[in-house]
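Positions are given from 1, in the same order as the sequence printed here. Not measured: the values here are computed from a predicted model.
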Amino acid sequence: MCGIVGYLGQKEARSILLEGLRRLEYRGYDSAGIIVLDEKNTPRYFKCRGKIKDLEEKIKGKKIEGNMGLGHTRWATHGAPNDINAHPHWDCSKSIFLVHNGIIENHKEIKKILLKRGHKFSSETDSEVIVHLVEDFLKKERNSRHNSLESAFLKTLRLLKGAYAIALMSKDYPQTILGAKRSSPLVLGIGKEEYFLASDASAILGYASGVIYLDDGEVASINPDGFSIFDLGNNIKEKEISDIENNLIKIQKSGYPHFMLKEIMEQPESLENSQRGRIILEQGMAKLGGIESVKERLREIDKLTIVGCGTAYLAGMVGEYMIEEYAGVPVEVEIGSEFRYRKPILGKNSAILAVSQSGETADTLAAVNEAKEKGILTLGLVNVVSSTIARQTDAGIYNHAGPEIGVASTKAFTSQVEILALLALFLGRQRNLSLVMGQRIAKEIKNIPNLAKKALSLAPDIKNIAKKYYKFKNFLYIGRKYNYPVALEGALKLKEISYINTQGYAGGEMKHGSIALIDKNFPCLAICPKDSVYEKIVSNIEEIKARQGRVIAITTQGNKEMKSLADDVVYIPKTLEMLTPIISVIPLQLFAYHVSVLKGLDPDKPRNLAKSVTVE
Ligand code: M6R
C-alpha cells in the first residue's frame with residue numbers, strides 16, 4: 001500500500017504535495033519522493049528512503065518551484081526500500097515521471113521486452129515498467145498524428161496486469177497530469193482553477209471542494225482548463241462530483257455511515273495489503289521481512305506463546321491451530337492480563353508473539369516486558385507502525401491493514417489471521433512441511449482477498465437475518481476446531497456493540513453446561529463449514545434443534561443439507577480449513593453491525609470501551 005498525490009493549478013505544488021503525503025503516510029512509510037515541473041518545464045525531483053520528514057529534510061533549502069507535480073509515499077513490495085526504488089520513476093530520457101500504488105503482476109515479461117528494445121532501468125520496482133512503456137508508445141507514434149501522452153498512456157494501461165493507481169506527467173506535455181485506477185484507490189479533487197489526484201480524499205481536504213471517486217478501469221486527464229474521465233476504450237465517462245467541504249470524518253468513512261462498516265467492507269483490500277509481497281508461490285513459502293533477522297532463531301524454537309487481548313487473543317487462538325498443524329511447533333495462547341501473573345514455563349528456545357492491532361495495549365505490552373525479563377525471543381504482530389509493542393519486540397510483522405478506527409476490531413482480526421497463516425507456512429517450511437503442501441497453502445492465501453469479496457456480497461442477506469433476530473436478548477455462538485475461536489469472536493463482536501448477552505462455545509462443550517440455556521428464545525449462530533469436524537457440529541446443531549432452539553448456520557456454498565437443519569443459512573465460499581476463519585467471521589461481523597444499528601446504537605462508539613486500552 002502506497003500513497004500518491006498529484007497537483008496542477010496556480011499555487012506552489014511543493015507544499016501541497018508534502019502536506020498530502022503527510023496525510024497519506026499511513027499508507028506507506030519506507031520511502032518518499034516528489035517531482036515538480038518548474039516554469040521552464042525542468043523537472044525538479046527528489047526521493048529518499050525514510051519517512052516524509054526525511055524527504056523534507058533532504059529538500060530543505062532546495063529550489064523546487066512550480067505549479068504541477070506528483071508525490072509518493074511508499075511501502076515496498078518489489079525492490080528494497082531505498083533511494084533508488086523510491087518513487088517517482090522516470091523513463092530513459094528523464095522526460096516522463098510516474099508515481100504508482102499497487103503491483104504490476106506482469107512486470108517481468110514487460111521488462112524483458114523493453115530491455116530488448118534498449119530501455120535502461122534504474123530501479124528494481126515493478127512500477128518502472130509503466131513509465132518505459134509509455135515512453136515506448138510515444139516513440140512509436142512520434143510521426144503519427146495520434147501521438148499524444150494520453151494515447152500512449154491508454155495503450156500502456158491495456159497491457160498491465162495487476163493493481164494500480166497511477167499519476168503520470170511529462171515535461172514534454174507540461175500542462176497535463178494523467179491518472180488511472182484499477183484495484184487501488186484514486187480520487188480526483190477539484191478546486192478553484194486547480195486539480196488534484198490522491199489515494200484518498202483526506203490528502204486534499206481543505207484544498208479541493210469537490211471530489212470524484214474513480215472506478216476501476218477509469219482514466220483521468222487534468223489540465224489547467226479542466227478534466228476529463230474516460231475508460232480504457234477512450235469513451236468519456238460522466239461522473240458525480242461529491243462535496244468534500246471540510247468533513248474529514250465523512251471522507252475518512254468513504255461514504256459509509258460508520259467506520260465499522262467501512263472497515264468490514266474494505267477487507268478484500270486490507271487482506272491484499274497484508275499479504276502483498278509476502279507469498280512466494282513457487283517455493284510454497286512466506287517472505288516476512290520483519291522476522292528475517294531472527295530467522296535462524298525461529299528455526300530452533302520449540303515453543304511459541306502467543307499473547308493478546310480481546311480480538312487479538314482470538315486471532316492468536318486460530319494461529320495456535322495453524323502453527324501446531326502445519327509447523328509442528330507447540331503453541332500456547334495466553335490472555336495478556338493473565339500471562340504475567342502466572343508462572344509461564346519458558347525455555348531458552350521459547351519465543352513470545354504479541355498480537356495487537358494498536359501495539360499499545362497495556363496488558364499485552366506487560367507480557368512482552370515479562371518475556372524480555374526472561375530473556376526469550378519477543379516478536380510482534382502489530383498494525384500500528386512504530387507503536388510501543390512494535391518498538392519493544394526483537395522483531396515482528398506489520399499487518400499493513402491500514403488504520404482501524406471502529407472500536408470493534410474487524411479488518412485487523414482477518415489480517416492477523418492471514419499473517420498467522422503466513423507465519424505457520426514460514427515455520428512449517430523451516431521444518432517438515434512439504435513443498436507441495438506449502439504451495440497449496442500459499443495459493444489459497446493468495447486467493448483469500450477474492451473470497452472475502454464474495455463473502456461480503458452476502459451483506460444484504462445478513463442484514464435481512466439481523467432484522468429477524470435483533471430483538472432477541474441472548475445468543476449462543478458455536479464452532480469447532482478452527483472455527484471455535486471464530487464463534488468466540490462473533491460473540492464478542494455482537495456483545496460489545498449491541499449489549500446483547502452472548503456466549504461463545506466450542507460445539508462439543510455445549511452439552512457440559514450451556515445447553516441448559518437453549519429454548520426458542522435463545523438463538524444460536526453455528527459456524528459449520530464443510531470441514532474435518534462438520535459431522536460433529538451437525539450433531540450439536542441437532543441437539544439445539546431438539547430443544548426448540550433457532551439456528552443461523554454459516555456453512556460452505558453447495559451444502560444443501562443445512563437448509564433442512566437450520567432456520568437460516570449463510571453460504572460462504574470454500575477455502576482451506578485453516579483459512580476458513582478469515583471468511584466465516586465476515587458474516588458474523590456484518591450481523592453484529594446490523595443488529596447494533598437496528599437497535600439504534602452507534603457501533604463505532606460502544607459504551608464503556610476504548611479503541612486502545614493503555615491501562616492495566
Ligand atoms: O489493539 P489491540 O489489538 O491490542 O486491542 C486488543 C483488544 O482491546 C481489542 O481487540 C478489543 O477486544 C476489540 N474492541 C474487539 O473488537
Go through the steps to decide whether Tyr207 and Lys11 satisfy the test side-chain hydrogen bond (donor to acceptor under 3.5 Å, both in side chains), and finish with yes or no. CA-CA 11 Å; Tyr207 297 107; Lys11 300 185 188 125; over 6 Å; no
If you round to the nearest 0.5 Å, how far is [atom2] of [Y] from [atom1] of [X]?
{"X": "Phe196", "Y": "Ile204", "atom1": "CZ", "atom2": "CD1", "result": "6.5 Å"}
{"X": "Leu168", "Y": "Ile130", "atom1": "CG", "atom2": "CD1", "result": "8.5 Å"}
{"X": "Leu423", "Y": "Leu298", "atom1": "CG", "atom2": "CG", "result": "7.5 Å"}
{"X": "Glu12", "Y": "Leu17", "atom1": "CD", "atom2": "CG", "result": "10.5 Å"}
{"X": "Asp91", "Y": "Lys139", "atom1": "CG", "atom2": "NZ", "result": "8.0 Å"}
{"X": "Ile448", "Y": "Thr580", "atom1": "CD1", "atom2": "OG1", "result": "8.5 Å"}

Name the one of Ser270, Ser274, Ser409 that satisfies side-chain hydrogen bond (donor to acceptor under 3.5 Å, both in side chains) with Ser415?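 For Ser415, the side-chain hydrogen bond (donor to acceptor under 3.5 Å, both in side chains) test succeeds with only one of Ser270, Ser274, Ser409, which is Ser274.
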Scan Glu263, Gln267, Glu266 and name whichever one has a side-chain hydrogen bond (donor to acceptor under 3.5 Å, both in side chains) with Lys411.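 Result for side-chain hydrogen bond (donor to acceptor under 3.5 Å, both in side chains) with Lys411: Glu266.
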Measure from the side-chain N and O atoms of [X] to the backbone N and O of [Y], and report whether any donor-acceptor pair falls under 3.5 Å.
{"X": "Asn101", "Y": "Gly3", "value": "no"}
{"X": "Glu404", "Y": "Thr410", "value": "yes"}
{"X": "Ser209", "Y": "Ile190", "value": "yes"}
{"X": "His107", "Y": "Ile103", "value": "no"}
{"X": "Asp38", "Y": "Glu65", "value": "no"}
{"X": "Arg158", "Y": "Leu232", "value": "yes"}
{"X": "Asn82", "Y": "Ile84", "value": "yes"}
{"X": "Asn273", "Y": "Glu269", "value": "yes"}

Would you say that [X] contacts [Y] through its side chain, given a criterion of any heavy-atom pair below 4.5 Å between the two side chains?
{"X": "Met578", "Y": "Leu420", "result": "no"}
{"X": "Arg74", "Y": "His72", "result": "yes"}
{"X": "Ile586", "Y": "Ile572", "result": "no"}
{"X": "Tyr45", "Y": "Lys94", "result": "yes"}
{"X": "Leu21", "Y": "Val5", "result": "yes"}
{"X": "Gln275", "Y": "Lys446", "result": "yes"}
{"X": "Leu70", "Y": "Ile4", "result": "no"}
{"X": "Glu135", "Y": "Ser95", "result": "no"}

Below 4.0 angstrom, N of the basic side chain to O of the carboxylate: do [X] and [Y] qualify?
{"X": "Asp231", "Y": "Lys237", "result": "no"}
{"X": "Glu296", "Y": "Arg299", "result": "yes"}
{"X": "Lys53", "Y": "Glu56", "result": "no"}

Testing the 3.5 Å rule here: is there a donor-acceptor pair between the side chains of [X] and [Y]?
{"X": "Gln175", "Y": "Asn223", "result": "no"}
{"X": "Glu194", "Y": "Tyr7", "result": "yes"}
{"X": "Thr575", "Y": "Glu444", "result": "yes"}

Begin from the C-alpha positions of Ile291 and Val294 and carry the test side chain to side chain contact (heavy atoms under 4.5 Å, CB included) through to its verdict. CA-CA 5 Å; Ile291 53 172; Val294 295; 4.1 Å; yes
Is the [atom1] atom of [X] crowded by more than 12 outside heavy atoms at less than 6.0 Å?
{"X": "Glu193", "atom1": "CD", "answer": "no"}
{"X": "Lys454", "atom1": "NZ", "answer": "no"}
{"X": "Lys453", "atom1": "NZ", "answer": "no"}

Mind checking whether Phe121 and His132 have ring centres under 6.0 Å apart?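 They qualify: ring centres under 6.0 Å apart.
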The test is side chain to side chain contact (heavy atoms under 4.5 Å, CB included); show your working for Asp200 and Leu24 and say whether it passes. CA-CA 8 Å; Asp200 83 45; Leu24 291 175; 3.9 Å; yes
Please assess Ile166 against Leu160 for the test side chain to side chain contact (heavy atoms under 4.5 Å, CB included), listing each intermediate value before the final yes or no. CA-CA 12 Å; Ile166 302 169; Leu160 302 180; 4.2 Å; yes
With side chain to side chain contact (heavy atoms under 4.5 Å, CB included) as the criterion, how do Gln430 and Lys295 come out once you've worked through the C-alpha distance, each side chain's angles and the decisive distance to 0.1 Å? CA-CA 9 Å; Gln430 279 191 326; Lys295 199 169 152 184; 3.7 Å; yes
Hey, does the Lys NZ or Arg CZ of Lys47 hover above the aromatic six-ring of Trp90, less than 6.0 Å from the centre and inside 45° of the axis? yes
